[in-house]
K.L.:
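Dropping the structure in here first, questions after.
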Amino acid sequence: MSIRTSPVLATLPPGPPLPGPVLTGLWIASRKRLLAGLQKRYGSTFAMTLSPFGPSVFLCSAALIRQMLTTSPAIAGLGEPNLGNVLGPGSTFALDGPEHLHRRKLLAPSFHGRHLHAYEEFMVEETVREAKTWPQGVEFATAPGFMRLTLNIILRTVLGADGEHLDRLRELMPPMADLGVRLTLSPFTDRGRSWGAWARFRRMRREYDTVALDLIDSVRADPKLQEREDVLAMLVQSRYEDGEALANQEIADELLTILGAAHETTANTLTWAVERLTRHPELLDRLVAEVDDGGSDLLAATVLEVQRTRPVITDITRSVVAPTMPLGEWTLPKGHQVVFAIDFVHMDETVFPHPEKFDPDRFVNARPDMYSWIPFGGGTRRCIGAAFANLEMNVVLRTLLQNYEFRTTRAPDEKWKSRGVTWTPARGGRAVVHRRNTAHILPHTAPASMTIRRTSDDVG
């Protein structure tokens, strides 16, 4: 005689009774205000349905993050919105389960160890080159410059590109990345029409593929391939455990992932770093003194604190792919999303005392906990380029502080501006800089409304 077992019933945390379209409208109007209001009413875990996530449970504290990030991919898999829809089926973002883990294993050596530090010289060179174009003694937005800088660093270190390939990608990638991040969160899917945003992206993608595939072919034919240190050369030579190589289109998708995602997120974080430092003169003094003495601990801690207080990606997801998944006291059904509200998790006062305070000292000689400090995500889907990005941000800021004086300001904090998937300072991280070791040294603090005139020794 067989014994029949009852299916496990799903139980969800409480949430607002409002219909999905209303919640989606409130999300678009002010995501932070909506989540803050729901957290105040329902606690740090609540359920709701809205585009583009669908039926979801939101986590706004660190309490259940560890459980989620240690859950097997066979239970909680690839979430939505899926960046693979934009980056291509060969991108790591489009893969799930064992295929995703195999690809991560293949890519990991390119972003760690001796390969990582081989890129530092390029980072310094590109920072010096970009900073020479900055205006001296007048306020300007740093965001466009950081976008150019991080793209050039990626092109040199990841692609090893030069000449025509580099020039074409440098021109193509900014508008393509800008449109791509917006399409990722679009409620409209690509229906193959010959008009509209998706059609424009497809045209850009075809041009990108033409350049990328030609570049990959040239790298495969390079007689000095084994001597190269760039990521593309390593991808071309890499092999799965069964000896199979990555196909050219898979490599092109991975390169688009790196170019599109890595340069924008790092540029936005650097822009936020300038916005934070120019409003904290005592910290800025300490950082300048440290880099002049060859130190790095406070600078590294500052980069971590910028990412805690101003994460450029605020929402990551997992999708329940098993029939049910336990989450704390609840049981979630298949198809539900779990959304990590990173900015809210980083403001959990049980983990970060005085979370609203910008205080890099909290990370000096202290490693952040991987289940509460999650700007790069976590678990099996943690950003594989996290170490590369942190090295890049430290090198860029160190080089700038060694060579430039930043004027501090009493201006209000810049507001958050959405760029689709990412967030950036609304006014572009405005700053006033001057080359160090010149006759004209900026005073440390000026009223927000002060206009600074250029003098003859400001030129150059």
K.L.:
How far apart are the C-alpha atoms of Met393 and Thr266, what are their side-chain angles, what is the distance that settles it, and do they pass the side-chain contact (heavy atoms from CB on, under 4.5 Å) test?
P.N.:
CA-CA 7 Å; Met393 289 184 282; Thr266 304; 3.7 Å; yes

K.L.:
Do you know which of Thr24, Val339, Leu35, Val57 makes side chain to side chain contact (heavy atoms under 4.5 Å, CB included) with Met48?
P.N.:
Leu35

K.L.:
Run Arg276 and Asp413 through salt bridge (charged side-chain N to carboxylate O under 4.0 Å, His left out) and show every step you take.
P.N.:
CA-CA 8 Å; Arg276 294 288 76 203; Asp413 297 349; 3.0 Å; yes

K.L.:
Given side-chain contact (heavy atoms from CB on, under 4.5 Å), test Arg427 with Lys415 step by step and report yes or no.
P.N.:
CA-CA 8 Å; Arg427 300 184 66 236; Lys415 295 182 178 180; over 6 Å; no

K.L.:
Could you check Glu305 against Arg308 for salt bridge (charged side-chain N to carboxylate O under 4.0 Å, His left out), going step by step and ending with a plain yes or no?
P.N.:
CA-CA 5 Å; Glu305 181 70 347; Arg308 184 190 72 83; 2.8 Å; yes

K.L.:
Applying side-chain contact (heavy atoms from CB on, under 4.5 Å), run through Trp330 and Leu64 and close with a yes or a no.
P.N.:
CA-CA 11 Å; Trp330 301 286; Leu64 296 175; 4.2 Å; yes

K.L.:
Is there a salt bridge (charged side-chain N to carboxylate O under 4.0 Å, His left out) between Glu126 and Arg156? Walk through the geometry before answering.
P.N.:
CA-CA 9 Å; Glu126 292 298 334; Arg156 289 190 66 185; 3.0 Å; yes

K.L.:
Quick one: sort the Phe358 and His280 rings into parallel, tilted or perpendicular, breaks at 30° and 60°.
P.N.:
tilted

K.L.:
Can you tell me if Arg367 has over 12 outside heavy atoms packed within less than 6.0 Å of its CZ?
P.N.:
no

K.L.:
Between Asp253 and Arg205, does the salt bridge (charged side-chain N to carboxylate O under 4.0 Å, His left out) criterion hold? Intermediate values first, please.
P.N.:
CA-CA 10 Å; Asp253 288 352; Arg205 177 62 202 250; 2.3 Å; yes

K.L.:
Is Arg239 salt-bridged to Glu244, going by a charged N under 4.0 Å from an acidic O?
P.N.:
no

K.L.:
Taking Arg286 first and then Asp361, would you say they form a salt bridge - that is, a charged N and a carboxylate O separated by under 4.0 Å?
P.N.:
yes

K.L.:
Looking at every non-hydrogen atom in both residues, tell me the closest pair between Leu246 and Ser238 and how far apart they are.
P.N.:
CD1-OG, 4.1 Å

K.L.:
Taking the six-membered ring of Phe352 (Phe, Tyr or Trp), confirm whether the NZ or CZ of Arg362 is under 6.0 Å from its centre and within 45° of its axis.
P.N.:
no

K.L.:
So, for Thr70 and Tyr371, which heavy atoms are closest and what is the spacing to 0.1 Å?
P.N.:
CG2-OH, 3.5 Å

K.L.:
Should we count CD of Gln237 as having more than 12 external heavy atoms under 6.0 Å?
P.N.:
yes

K.L.:
Is it true that atom CZ of Arg33 has more than 12 heavy atoms of other residues, nucleotides or ligands lying nearer than 6.0 Å?
P.N.:
no

K.L.:
Looking at Trp416, I'd like to know if the NZ or CZ of Lys32 sits under 6.0 Å from its six-membered ring centre while staying within 45 degrees of the ring's axis.
P.N.:
yes

K.L.:
If the plane angle is over 60° it's perpendicular, under 30° parallel, otherwise tilted; pick one for Phe46 and Tyr42.
P.N.:
tilted

K.L.:
Let me see the working for Asn268 and Thr422 under side chain to side chain donor-acceptor pair (under 3.5 Å), right down to the final yes or no.
P.N.:
CA-CA 8 Å; Asn268 287 346; Thr422 62; 3.2 Å; yes

K.L.:
Any side-chain to backbone donor/acceptor pair from Glu130 onto Asn152? Under 3.5 Å, distance only.
P.N.:
no

K.L.:
Given the ring of Trp272, does Arg310 sit roughly above its face, with NZ or CZ under 6.0 Å from the centre of the six-membered ring and within 45° of the axis?
P.N.:
yes

K.L.:
Hey, do the aromatic rings of Phe53 and Trp27 have their centres closer than 6.0 Å?
P.N.:
yes

K.L.:
Using 30° and 60° as the class boundaries, would you call the ring planes of Trp134 and Phe140 parallel, tilted or perpendicular?
P.N.:
tilted

K.L.:
Testing the basics here: between Ala341 and Arg31, what is the closest heavy-atom pair and its distance to 0.1 Å?
P.N.:
CB-NH2, 3.9 Å

K.L.:
Work out which heavy atom in Ser372 is nearest to a heavy atom in Val351; give both atom names and the distance.
P.N.:
OG-CG1, 3.4 Å

K.L.:
In sequence, state the C-alpha distance, the side-chain angles, and the governing distance for Leu287 and Leu397, and then conclude on side-chain contact (heavy atoms from CB on, under 4.5 Å).
P.N.:
CA-CA 10 Å; Leu287 285 171; Leu397 290 174; over 6 Å; no

K.L.:
Salt bridge or not for Arg398 and Glu120, using N-O below 4.0 Å?
P.N.:
yes

K.L.:
Is the side chain of Glu290 donor-acceptor paired with the backbone N or O of Leu299 at a distance under 3.5 Å, no angle test?
P.N.:
yes

